[in-house]
Amino acid sequence: MSQAPRLDTEFVRAQFPALETGWAFMENAGGTVAARQVVDRVTDYMSRVHVQPHHAYDVSDEAGRLIVEGQRLMAEMIGAEPEEVMVGPNTTTNVFLLAQAIRSWFSPGDELIVTNIDHEANNGSWRRLEEFGVVIREWKFRPESGALALDDLDALLTDKTRLVCFTHCSNLTGAVNDVPALVRRIHDAGALACVDGVAYSAHRALDVKAWDVDFYLCSLYKVYGPHLSILYAKREHVERARNNNHYFLEDRLPLKLNPGGPNHELTAALAGVTDYFDAVHTHHYGVSNLPRLGRMKQVAELMSAHEEVIAQPFLDYLVNKREITLIGPASVGHEQRAPTFSFSVKDRTPLELARGLAREKIGVGTGHFYAARCVDALGYGEDGVTRASMVHYNTTEEVARLIATLDAII
Ligand SMILES: Cc1ncc(COP(=O)(O)O)c(C=O)c1O
């Protein structure tokens with residue numbers, strides 16, 4: 001059998017104009033830089049067909065087709081039907097819209113489980129349903145692993161549980177939760193599962209049908225694309241959900257969930273995200289008959305194998321340096337974590353560290369990253385933590401620079 005190819009980082013990096021600036025971008029869990037294919041698609045749409053779409057003249061017709069195609073490709077990319085994938089402005093808004101659309105499914109006394117590790121996007125909109133009599137239960141993560149545990153969920157599930165909202169991967173601890181196992185347990189208890197895949201999706205393929213999730217969320221500006229997000233909902237749920245849109249759009253799936261519809265030029269440019277992944281796939285595997293999701297899985301294998309290699313020295317450094325406390329799993333294995341490393345350093349504030357790194361053109365993040373409940377539970381105060389988060393376009397050289405610069409600051 002021929003060996004699996006290794007990621008050609010030179011090829012990959014040539015697809016990202018922002019990487020030519022010399023910056024080592026390590027705040028990717030906050031947002032990745034955009035692939036050239038995405039930039040080109042925005043420019044093309046806005047230069048040529050930026051008119052009101054779906055009217056009976058050629059330019060308008062083409063604009064409409066590009067928008068529909070961008071949305072369709074996102075559905076195909078995650079193994080869903082186009083009617084099941086709503087394109088919206090961001091995940092926070094998408095969860096808010098979802099909560100509005102399914103609010104009437106809950107009666108007073110029904111229970112809904114949220115976590116204290118999630119980004120507030122998959123938290124606040126659900127917790128607010130308390131005002132309609134829904135009982136909110138909090139599933140606490142384990143500080144030692146930085147992950148959610150099935151046993152702790154078991155202790156919370158009752159015959160009144162209707163919905164469990166949790167993250168696939170923590171944007172703070174980097175820990176990956178076992179979505180298929182958790183969803184099975186949630187369904188056995190008669191409840192639905194709403195999974196935040198935002199911190200997971202830059203690193204792995206998304207297979208919503210295999211996981212059997214009811215709702216899944218992903219922000220495309222963290223997947224090399226424009227500032228848009230997708231909400232997947234099983235078709236039966238989209239059909240049953242209340243219409244958030246104009247009354248005459250009641251039957252338009254999934255548009256009924258999104259009042260006003262999606263941003264046109266950016267939705268059209270979503271085809272640039274799949275163009276990018278197609279380019280990576282063809283470069284490494286040649287022309288292929290595999291369906292898109294199969295190709296995405298191969299690309300994800302290339303990406304995560306590379307991410308493990310570049311993350312290992314950084315993990316070793318964080319674990320062995322006396323002044324540093326690592327948050328989350330002490331492993332780079334992609335089953336356990338994404339290469340999103342939050343940490344604290346004795347006698348140094350996160351801001352001091354970030355400013356010191358920026359002097360060497362290394363961009364990292366600081367604060368609570370809107371996972372404020374998680375940072376509070378871990379006992380980090382106002383300053384929060386420092387986060388260096390990598391994706392497949394980062395290199396061993398960049399990580400070596402990060403370690404050397406950090407070490408000089410400490
Ligand atoms: C895990 C996670 N979920 C949700 C969000 C919110 O995404 P958006 O900015 O699209 O609302 C973020 C953003 O950082 C995130 O990291």
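From a predicted model like this one, the values you see are computed outputs, not experimental measurements. Start at 1 and go down the list; that is how both ligands and their atoms are numbered.
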Only one of Tyr200, Trp211, Phe166 passes ring pair (Phe, Tyr, Trp, His ring centres under 6.0 Å) with Tyr216, and that residue is Trp211

Please verify whether a non-hydrogen atom of Phe369 lies at under 4.0 Å from ligand 1. no

Is the backbone N or O of Ile113 less than 3.5 Å from a side-chain atom of Arg137, with the two atoms forming a donor-acceptor pair by type?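 No.
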
Contact atoms of ligand 1, heavy-atom distance to [X] under 4.0 Å:
| X | result |
| --- | --- |
| Thr91 | 7 (O), 8 (P), 10 (O), 11 (O) |
| Ser229 | 10 (O) |
| Ala121 | 4 (C), 6 (C) |
| Ser219 | 7 (O), 8 (P), 10 (O) |

Counting heavy atoms only, which of His227, His168, His119 is nearest atom 15 (C) of ligand 1? His119

N/O to N/O below 3.5 Å, does that happen between Asp196 and ligand 1?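 Among all N and O atoms of Asp196, at least one is under 3.5 Å from an N or O of ligand 1.
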
To which protein heavy atom is atom 14 (O) of ligand 1 closest, and what is the distance rounded to 0.1 Å? Lys222 NZ, 2.5 Å

Which residue owns the protein heavy atom closest to atom 11 (O) of ligand 1, what's the atom, and how far is it?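 The closest heavy atom on the protein side is Thr92 OG1, 2.6 Å.
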
Of Glu301, His203, Arg204, Met303, which meets side-chain contact (heavy atoms from CB on, under 4.5 Å) against His334? Arg204

Under a 4.0 Å N-O cut-off, is there an ion pair linking [X] with [Y]?
| X | Y | result |
| --- | --- | --- |
| Asp207 | Lys297 | yes |
| Arg387 | Glu27 | yes |
| Asp154 | Arg185 | yes |
| Asp407 | Lys321 | yes |

With a heavy-atom distance limit of 4.0 Å, tell me whether Tyr221 approaches ligand 1 through its side chain, its backbone, both, or neither. side chain

